[in-house]
S.K.: 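Before I ask anything, let me first share the structure, which is written out below as structure tokens.
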Amino acid sequence: MDQADACVVMVTAPSKEEAERLAVATLEARLAACVQIQAITSHYWWDGKITSDAEQLLLFKTMPERFAALRDLIVSLHSYDTPEIIQLPVTAGADKYLGWLRREVAAE
């Protein structure tokens, strides 16, 4: 599979509960095959100053053609005014895993 065949979408959420709601909603909609959640601390510029917060990082494993629908669902459910939603291309991977990912996202 080539780089256009899979992607990872990074999203942050303010709590474990919200992260889990986002993960379940996107999995149920078949917009991701897998979502990983990890506790992190983010440091960033906001309103002209540096701030930091405990957040949850979600890594959605999906296909590029599902990104727009995934993004739109996340935006509709997310509590942040400006949620981080970043698509990263997968440039290589295990064929068996990437095949599984494609099948799960395509399943209806």
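Side chains are part of it too, since the values below use all heavy atoms of this structure and drop only hydrogens, waters and symmetry mates. Heads up: numbering here begins at 1 and tracks the sequence.
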S.K.: Going hydrophobic residue to hydrophobic residue with side-chain gaps under 4.5 angstrom, can you get from Leu88 over to Leu31?
M.R.: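 Hydrophobic grouping puts Leu88 apart from Leu31.
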S.K.: I need the Phe67 CZ to Ile86 CD1 distance, nearest 0.5 Å.
M.R.: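 Reported to 0.5 Å precision, the distance equals 9.0 Å.
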S.K.: Please answer: with hydrophobic residues joined when any side-chain heavy atoms are less than 4.5 Å apart, are Leu73 and Val8 in the same cluster?
M.R.: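 No, no single cluster joins them.
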S.K.: Do Leu27 and Leu101 sit in one hydrophobic cluster, given that two such residues count as connected whenever their side-chain heavy atoms are within less than 4.5 Å of each other, even indirectly?
M.R.: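 No, it is not one cluster - the side chains of Leu27 and Leu101 are not joined through contacts under 4.5 Å.
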S.K.: Quick one: closest heavy-atom pair of Trp100 and Cys34, and the distance?
M.R.: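 It is CH2-CB, 3.9 Å.
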S.K.: Measuring from Thr62:OG1 to Arg102:CZ, what's the distance to the nearest 0.5 Å?
M.R.: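 Nearest 0.5 Å value for the OG1-CZ distance: 9.5 Å.
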S.K.: Test of understanding: clusters of I, L, V, M, F, W, Y form through side-chain heavy atoms closer than 4.5 Å, transitively. Do Leu57 and Val35 belong to the same one?
M.R.: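 Not linked; separate clusters.
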S.K.: Could you tell me which non-hydrogen atom of Glu104 sits nearest to which non-hydrogen atom of Ala33, and how far apart they are?
M.R.: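 Minimum heavy-atom separation between Glu104 and Ala33: CB-CB, 3.7 Å.
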S.K.: Could you list the residues that satisfy side chain to side chain donor-acceptor pair (under 3.5 Å) with Asp72, not counting sequence neighbours?
M.R.: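 Residues passing side chain to side chain donor-acceptor pair (under 3.5 Å) with Asp72: none at all.
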S.K.: Nearest 0.5 Å, what's the CD1-CG distance between Ile85 and Leu70?
M.R.: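 One finds 7.5 Å between CD1 of Ile85 and CG of Leu70.
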S.K.: Run the side-chain donor-acceptor check on residues 43-56: report pairs under 3.5 Å with partners two or more places apart or on a different chain.
M.R.:
residue : atom : partner : partner atom : Å
Tyr44   : OH   : Asp53   : OD2          : 2.3
Glu55   : OE1  : Ser42   : OG           : 2.5
Glu55   : OE2  : Tyr80   : OH           : 2.6

S.K.: I'd like to check the side chain to side chain donor-acceptor pair (under 3.5 Å) partners of Tyr97; sequence neighbours left out, ordered by chain and number.
M.R.: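 Testing Tyr97 for side chain to side chain donor-acceptor pair (under 3.5 Å), a comparison that skips the adjacent residues, returns none.
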S.K.: Please tabulate, for side-chain N and O atoms in residues 10-25, each donor-acceptor pair with protein atoms closer than 3.5 Å (sequence neighbours left out).
M.R.:
residue : atom : partner : partner atom : Å
Thr12   : OG1  : Glu84   : OE1          : 3.4
Ser15   : OG   : Glu18   : N            : 3.1
Glu18   : OE1  : Ser79   : OG           : 2.7
Glu18   : OE2  : His78   : ND1          : 3.3
Glu18   : OE2  : Ser79   : N            : 2.9
Glu18   : OE2  : Ser79   : OG           : 3.2

S.K.: Would you name the heavy atoms of Pro64 and Cys7 that are closest together and state the gap between them?
M.R.: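 Result for this residue pair: N-SG, 3.8 Å.
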S.K.: Report whether Val105 and Leu98 are members of the same hydrophobic cluster (ILVMFWY, side-chain heavy atoms less than 4.5 Å apart, transitive linking).
M.R.: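 As far as the 4.5 Å side-chain criterion goes, Leu98 and Val105 are connected within one cluster.
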S.K.: Can you name the residues that form a side chain to side chain donor-acceptor pair (under 3.5 Å) with Gln36, not counting sequence neighbours?
M.R.: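 By the side chain to side chain donor-acceptor pair (under 3.5 Å) rule, Gln36 matches Lys61.
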S.K.: Can you tell me if Arg71 uses its side chain to pair, donor with acceptor, with the backbone of Val9 under 3.5 Å?
M.R.: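 Checking the backbone N and O of Val9 against the side chain of Arg71, no donor-acceptor pair under 3.5 Å is found.
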